[in-house]
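Quick note on labels: first sequence line is chain A, next is B, and so on, each numbered from 1.
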Number of protein chains: 2
Amino acid sequence: MAKVFGHIEGHPVGSLYQRRKELSDAGVHAPLMGGIHGNSREGADSIVVSGGYRDDEDYGDLIVYTGHGGQENGRQVRDQDITDPGNAGLVRSELEGHLVRVIRGASGDTEHSPSSGFRYDGLFRVESHHSKIGMDGYRIWQFRLVAAGASEEEDVTPFHGDTAHDPAPRRPVNTQRVVRNSAVTQLVKQLHKGQCQMCSQILTVPGDSSYSEGAHIQAVGHPYNGPDVLENILCLCPNCHVLFDYGARYLTDDLRVVDGVRHEEIGELRTHRKHKIDTRFVRHHRGRWVATD
Amino acid sequence: MAKVFGHIEGHPVGSLYQRRKELSDAGVHAPLMGGIHGNSREGADSIVVSGGYRDDEDYGDLIVYTGHGGQENGRQVRDQDITDPGNAGLVRSELEGHLVRVIRGASGDTEHSPSSGFRYDGLFRVESHHSKIGMDGYRIWQFRLVAAGASEEEDVTPFHGDTAHDPAPRRPVNTQRVVRNSAVTQLVKQLHKGQCQMCSQILTVPGDSSYSEGAHIQAVGHPYNGPDVLENILCLCPNCHVLFDYGARYLTDDLRVVDGVRHEEIGELRTHRKHKIDTRFVRHHRGRWVATD
């Protein structure tokens, strides 16, 4: 079943459905079984949150959603795998900025779920993901989903024939990635003069400037709750920042850089005497991607 | 004078000032002379828009602001330089996502300017910049400034002592960079399987995915008005995307890649038979950074 991102015409937020079959016929959540409709190539376009995984957390506009797999009779009996098609689909949606339809079922969180059947609760952004040892003692993958604001659909100019230079009507695009900056982030970038602490690159641009990004080691926001302090921020080039945020790079306690796909050391972090890194944050980040050591 | 970003306490949007001296004493725009308060290291924190440059365009929430230099008696008599401290300051603010205070003077655009003196008109984001031959026949640098929405100040968790793992009060951060995605952008990335058309890198992340970005060649939005079509989009890694967007990379008509700082060819664009590039867009992008050839 092809993925269809966004709202489904005729099915506004708040629509109610008694059975999975109705959700499927409507195209709001296509599969009759399974919480995630997705795969690694296209992404995931919808999920059902219905209390099937006890590590789920539902705060209304923020959901910490447990991925697919490893269950028998409602309990985890083995580790989940990030390459499971549903889980990999949510990763792809995160990477692409695809918004995911969230459907809540009656057996989910009592405060935020419908009293019976299923309810379409709108579009959510996959902000981040991580693994951890769940309540049943096995590794699970979790996705931080945040309700998409109206401002998340912005405009670009489309093309009509070859009138490329005329302003034209507009259509929506999604945000794929947002990089933020704060006073302490700027300080880190200044100390390193814009040089990436992982690959040593400096992206020099015309106008006496260079471009670098501040990367939080322990991510900010629930469920990570990392602080915005010097000891928790790296100066990275955009490429290493992406790789670090998605677990393709992590650090050892002695600040060696590890490739998170092959789990091989590939170098060491550049340091600066005025910029100490706190090992607690390094461990928190590493714990999101590899078994706790 | 140190740069102070953001609103100045006691000086809300709409505040009126009769003279530059009052603006300066208030700290809303520190220098008594000059339209831009900035330098390449700190960025620019405020500008005055007062009709001094005839290439300026003021649409209220969108201003195309001409940089500093090259004028005598209100006319351009030589090219402007992007390394002029004010101009380089606006580039730095763009790179960092710093918001810039905009003050309009009575001699600016009749529709959007105060009837006398100066008015503080709030915080603007520097979205992009470019050079072009201005009305007087000399090269000028221009900055696209967009009124910052309330949503541009977002929250992160700060640090208190070593209670790093407690959620804590929040404080504002700016957006440094936003990457957008659309259906046609996705298609370009799929055709190239996430491989950068400039440096050939593939950023592989755990979960059977790779990360790449769609980069518009002729930028979208006024004053560029590039279309969101296949022929106007490149599949780039984040580093090459940043370099391309800030003029540190541009293309020749035969799709060779040029370093925009040293103006030396450094390679050629990878192509795909189903993804043709339109030379008009290549020329438009190049024209923003180098003398029209």
Residue pair Val229(A) / Phe281(A), side-chain heavy-atom distance below 4.5 Å: yes

Pair Tyr59(B) + His222(B): ring centers closer than 6.0 Å: yes

Options Cys237(B), Gly260(B), Gly97(B), ranked by heavy-atom pairs under 4.5 Å with chain A, top entry: Cys237(B)

Best-contacting candidate, Asn239(A), Val205(A), Asn232(A), against chain B by heavy atom pairs under 4.5 angstrom: Asn239(A)

Ring centers of His263(A), Trp289(A) separated by less than 6.0 Å: no

Point-to-point distance, once rounded to the nearest 0.5 Å, from OG1 of Thr175(B) to CG of Leu99(B): 8.0 Å

Worked verdict on Leu187(B) versus Leu230(B) for side chain to side chain contact (heavy atoms under 4.5 Å, CB included): CA-CA 8 Å; Leu187(B) 177 57; Leu230(B) 207 65; 3.8 Å; yes

Over 12 non-hydrogen atoms of neighbours within 6.0 angstrom of NE2 in His68(B): no

Chain B interface, residue from Ala248(A), Ser40(A), Pro206(A) that has the most non-hydrogen pairs under 4.5 Å: Pro206(A)

Interchain contact, Glu213(B) with chain A, by part (heavy-atom threshold 4.5 Å): both

Partner chain B: residue of Asp81(A), Leu203(A), Leu90(A), Ile82(A) with the largest heavy-atom pair count (under 4.5 Å): Leu203(A)

For Asp245(A), all residues meeting side chain to side chain contact (heavy atoms under 4.5 Å, CB included), sequence neighbours excluded: His241(A)

For Phe244(A), ring pair (Phe, Tyr, Trp, His ring centres under 6.0 Å) partners two or more places apart: His285(A)

Those residues of residues 188-200 of chain A, ordered by number, that approach chain B below 4.5 Å (heavy atom to heavy atom): Lys189(A)

Top contributor to chain B interface from Gly247(A), Gly207(A), Cys240(A) [non-hydrogen pairs under 4.5 Å]: Gly207(A)

Residue part contacting chain A, namely of Thr185(B), when any heavy atom lies under 4.5 Å: neither

Salt bridge present between Arg125(A) and Glu127(A) (N-O < 4.0 angstrom): no

Residue Asn87(B) versus chain A: region with a heavy atom under 4.5 Å: neither

Pick from His98(A), Gln201(A), His129(A) with the largest number of heavy-atom pairs that fall under 4.5 Å of chain B: His98(A)

Largest heavy-atom contact set with chain A, pairs under 4.5 Å, which of Val91(B), Asp259(B), Leu95(B), Asp84(B): Leu95(B)

Arg92(B): side-chain hydrogen bond (donor to acceptor under 3.5 Å, both in side chains) partners, not counting sequence neighbours: Ser209(A), Glu96(B)

Salt bridge flag under 4.0 Å for residues Lys276(A) and Glu231(A): no

